[in-house]
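To keep things clear, I will list the structure first and then write my remarks on it.
Chain A is the first sequence line, chain B the second, and so forth, proteins listed ahead of strands; every chain is numbered from 1.
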Protein chains: 2
Amino acid sequence: MSKNATNTGRRAGLDRNDMVAAALALVEADGVGALTMRRLAAELDVTTNTIYWHVGSRDELILEIIRSHSRQIAELPIEGTTAQERVFSAARHIWESSMASRSVTSLAHQTGTAAEHLHPLEVVLAQELEAAGLRGEELARAQRSIQVTVGGFLLNALRSDASREGDARGAAWTDEDNGLTPETVDALAQSPDYDALLADTLRAIIATHVG
Amino acid sequence: MSKNATNTGRRAGLDRNDMVAAALALVEADGVGALTMRRLAAELDVTTNTIYWHVGSRDELILEIIRSHSRQIAELPIEGTTAQERVFSAARHIWESSMASRSVTSLAHQTGTAAEHLHPLEVVLAQELEAAGLRGEELARAQRSIQVTVGGFLLNALRSDASREGDARGAAWTDEDNGLTPETVDALAQSPDYDALLADTLRAIIATHVG
DNA sequence: GTAACACTAGAACAGTGTGCAAGTAGAACG
DNA sequence: CGTTCTACTTGCACACTGTTCTAGTGTTAC
């Protein structure tokens with residue numbers, strides 16, 4: 001008698017890609033914290049074991065999410081005529097893409113897969129640096145300097161829109177007797193405009209490498 | 001009869017500071033992953049409840065760890081005679097201190113308390129920027145630009161010594177047909193020298209702010 | 001001596017990722 | 001048609017996480 005009391009034999013009709021897609025959707029909708037195996041299983045109307053069978057582990061799942069999203073990143077057109085402008089544009093695409101899909105970017109940062117995530121855009125940057133005349137070691141230095149800097153800005157920008165609790169950020173500057181000008185303390189206590197700040201910083205870095 | 005069957009009444013002779021100190025030692029010895037409430041309790045020969053009674057929660061504990069370590073950060077002497085050199089020196093102190101105690105830095109980064117952690121060194125940087133003639137908004141821009149950049153380098157440097165598995169880092173550049181020079185691909189495939197790279201990047205940024 | 005307080009332990013809860021063994025639908029083969 | 005074999009799905013359990021509730025007891029104050 002097979003009354004299917006356990007439901008073990010049913011076909012869910014889902015494959016690896018479906019799980020990755022659902023996981024990606026879950027992260028984009030409800031954030032990194034929502035990505036638990038049980039939650040994803042519930043979303044797919046399936047048990048966690050099914051996910052494990054198709055995907056292997058949570059780490060593999062995350063890697064696939066990042067890879068999948070990496071392929072979806074649209075390569076915006078590079079703007080500008082001078083070499084500096086075009087490199088700047090390529091660098092900012094990394095920032096803009098990352099900020100546009102904050103949740104996935106957070107996931108990539110937390111799991112150390114940020115390089116994999118943004119790789120297509122980083123290639124474009126490298127191409128633009130070659131077009132500017134850089135090669136080899138010299139190019140690598142410029143490339144890394146830009147990548148790491150953008151990464152730092154992402155880190156701070158993503159954190160600051162996660163914690164909007166009474167601006168504890170700048171309070172440390174005002175509640176203390178450092179020997180700073182009140183004017184300076186005021187400026188440091190306010191929440192920064194990372195977008196504009198990154199623009200300035202990038203221009204400074206790029207100017208030293210592509211001249 | 002009080003045969004102390006449950007051990008509930010014994011005095012452990014520990015206070016809040018002892019727990020924070022033990023937690024800090026635990027993190028420094030065995031890394032961030034070792035900081036679990038049960039592990040710390042075992043280290044103190046106590047139950048988790050005792051920790052909760054003294055500290056409150058894991059988040060509070062971590063905050064105290066960061067604050068405690070923040071106070072222990074030695075303020076190295078600023079080197080250099082020109083304004084640029086001295087600002088550079090102050091900026092590098094942030095980097096060096098963070099790298100010297102990687103585990104705590106990782107903890108601070110993961111919990112979003114990096115600002116609290118490095119605040120004393122950031123104050124020194126701000127003072128040096130004022131000494132260079134900067135004030136208010138202008139100083140804040142320079143300060144943030146430097147801080148965020150150093151943060152980005154820390155993020156990458158700390159990750160790269162955590163994952164030393166066959167250099168999957170640069171493999172993405174070689175296994176693909178991007179339109180790049182072999183010379184460039186080679187350079188990008190190698191693992192970067194973050195220390196030297198940061199020095200260059202900092203000089204570029206500082207040069208644009210303090211002239 | 002007794003009552004209040006400060007502290008500690010035991011046990012449990014809800015949640016996490018993951019592994020093992022059993023079960024079944026559908027395809028392949030006879 | 002019946003059998004076997006493979007692909008998949010489930011239930012259950014384990015070890016671990018942070019946290020809380022309840023009860024117990026040494027120490028102190030009255």
Quick test: give all pairs of protein nitrogen or oxygen and nucleotides 16-21 of chain C nitrogen or oxygen below 3.5 Å, distance rounded to 0.1 Å.
| from | atom 1 | to | atom 2 | distance (Å) |
| --- | --- | --- | --- | --- |
| dT16(C) | OP1 | T36(A) | OG1 | 3.4 |
| dG17(C) | OP1 | M37(A) | N | 3.3 |
| dG17(C) | OP1 | R58(A) | NE | 3.1 |
| dG17(C) | OP2 | M37(A) | N | 3.0 |
| dG17(C) | N7 | R38(A) | NH1 | 2.9 |
| dG17(C) | O6 | R38(A) | NH2 | 3.1 |
| dT18(C) | OP2 | Y52(A) | OH | 2.9 |
| dT18(C) | OP2 | R58(A) | N | 2.8 |
| dT18(C) | O5' | Y52(A) | OH | 3.3 |
| dG19(C) | O6 | N49(A) | OD1 | 2.6 |
| dC20(C) | N4 | N49(A) | OD1 | 3.4 |

Query raised in the report: Do D195(A) and R92(A) meet the salt-bridge criterion of a basic N to acidic O distance under 4.0 Å?
Result: yes
Report summary line: Residues at least two apart in sequence or cross-chain that pass salt bridge (charged side-chain N to carboxylate O under 4.0 Å, His left out) with E64(A), listed by chain then number, are R16(A), R67(A)
**Report entry** Atom-pair distance (CG on L61(B); P on dG18(D)), nearest Å
**Finding:** 10 Å
Query raised in the report: Is H54(B) near enough to dA6(C) that one of its side-chain N or O atoms lies under 4.0 angstrom from OP1 or OP2?
Result: no
Requested in this report: Quickly, which of E138(A), E130(A), Q143(A) forms a side-chain hydrogen bond (donor to acceptor under 3.5 Å, both in side chains) with T184(B)? Name it, please.
Outcome: E130(A)
Query raised in the report: Whole-Å distance between dG24(D) C1' and W53(B) CH2?
Result: 15 Å
Query raised in the report: Just wondering, are more than 12 heavy atoms of other shown residues or ligands nearer than 6.0 Å to CD in E79(B)?
Result: no
Report task. May I ask you to say whether E183(B) pairs ionically with R135(A), meaning some side-chain N is under 4.0 Å from a carboxylate O? Result -> no
Query raised in the report: In whole Å, what is the span from the CD1 atom of I62(B) to the C1' atom of dG18(D)?
Result: 11 Å
Report summary line: Residues passing the ring pair (Phe, Tyr, Trp, His ring centres under 6.0 Å) test with H69(B), sequence neighbours excluded, are H117(B)
Query raised in the report: In whole angstrom, what separates D18(B)'s CG from dC7(C)'s P?
Result: 12 Å
Report summary line: Separation of dG18(D) atom C1' from L40(B) atom CG, nearest Å, is 13 Å
